[in-house]
Student: 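Quick one: the structure is below, questions incoming.
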Amino acid sequence: MYGGFFRLYLTEKEDVHLNRRYIAAVAPLPDRVLQVDFVSGSRLLLDMKPYLDKIRFRPLADTLVWNSAVTNGIFVRFGNVELSHDEILSMAEQEH
């Protein structure tokens with residue numbers, strides 16, 4: 001392991017994929033609606049109320065946790081609760 005250190009070399013294509021951002025911004029709106037603004041310019045309003053009875057999403061019932069929503073461009077985090085952009089799109093698709 002060369003003294004406990006190793007380096008991962010990525011091709012340019014792999015590096016671009018790892019740095020891809022899908023979500024531009026998130027806003028926790030009243031009544032547990034999550035506004036997700038995508039880098040494409042699209043906006044999604046996701047009703048999270050139907051998910052609050054699931055163990056994973058129960059922390060979102062707490063107003064402080066709900067209002068802590070942040071994004072790194074790929075995931076949305078509310079404290080320890082994390083959603084990927086793919087999961088958000090899947091949840092939105094199930095609403096219709």
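Numbering of residues begins at 1 and proceeds along the displayed sequence.
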Student: With the side chain counted from C-beta on, respond yes when V76 and I23 share a heavy-atom pair under 4.5 Å apart, and no when they do not.
Tutor: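 Counting from C-beta outward, V76 and I23 do come under 4.5 Å.
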
Student: Taking the side chain as C-beta and beyond, is there a heavy-atom pair between M91 and L46 under 4.5 Å?
Tutor: yes

Student: Checking R21 side chain against N72 main chain: does a donor-acceptor pair fall under 3.5 Å?
Tutor: yes

Student: Between H85 and I74, is the side chain to side chain contact (heavy atoms under 4.5 Å, CB included) condition met? List the steps.
Tutor: CA-CA 6 Å; H85 76 284; I74 299 171; 4.2 Å; yes

Student: How many angstroms lie between atom OH of Y22 and atom OG of S40, to the nearest 0.5 angstrom?
Tutor: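 The distance works out to 12.0 Å.
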
Student: Would a 4.5 Å heavy-atom cut-off, applied to side chains only, mark L52 and K54 as touching?
Tutor: no

Student: Any heavy-atom pair between the side chains of L83 and F57 that's under 4.5 Å?
Tutor: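 Touching, per the 4.5 Å side-chain cut-off.
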
Student: How far apart are the closest heavy atoms of W66 and L29, and which atoms are they?
Tutor: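 Scanning both residues, the minimum pair turns out to be NE1-O, 3.1 Å.
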
Student: Restricting to non-hydrogen atoms, name the atom on S68 and the atom on G79 that form the minimum distance, rounded to 0.1 Å.
Tutor: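 Taking every non-hydrogen atom into account, OG-N, 3.5 Å.
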
Student: Of all the heavy-atom pairs spanning L44 and I88, show the shortest one and how long it is.
Tutor: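 Shortest heavy-atom contact: CD2-CG2, 3.5 Å.
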
Student: Please tell me if the side chains of D31 and K49 come closer than 4.5 Å, counting only heavy atoms from C-beta onward.
Tutor: yes

Student: Under the side-chain hydrogen bond (donor to acceptor under 3.5 Å, both in side chains) test, which residues partner R58, sequence neighbours left out?
Tutor: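 With sequence neighbours excluded, R58 shows a side-chain hydrogen bond (donor to acceptor under 3.5 Å, both in side chains) to no residue whatsoever.
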
Student: With rounding to the nearest 0.5 Å, note down the distance linking CD in E87 to CG in L89.
Tutor: 10.5 Å

Student: Sort and list the pairs that fulfil salt bridge (Lys or Arg N to Asp or Glu O under 4.0 Å) and have at least one residue in residues 65-85, not counting sequence neighbours.
Tutor: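 Every salt bridge (Lys or Arg N to Asp or Glu O under 4.0 Å) pair that includes a residue of residues 65-85, provided the two are not neighbours, is R77-E82.
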
Student: Distance-only, no hydrogens or angles: does the D62 side chain make a donor-acceptor pair with backbone N or O of L64 under 3.5 Å?
Tutor: yes

Student: Are the side chains of L60 and Y51 in contact, using a 4.5 Å heavy-atom criterion?
Tutor: no

Student: Would one find more than 12 heavy atoms of other residues, nucleotides or ligands at under 6.0 Å from atom CG of N80?
Tutor: no

Student: Ion pair present between D47 and R32, side-chain N to carboxylate O less than 4.0 angstrom?
Tutor: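 Salt bridge: no.
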
Student: For residues L34 and L45, determine if any side-chain heavy atom of one lies less than 4.5 Å from a side-chain heavy atom of the other.
Tutor: no

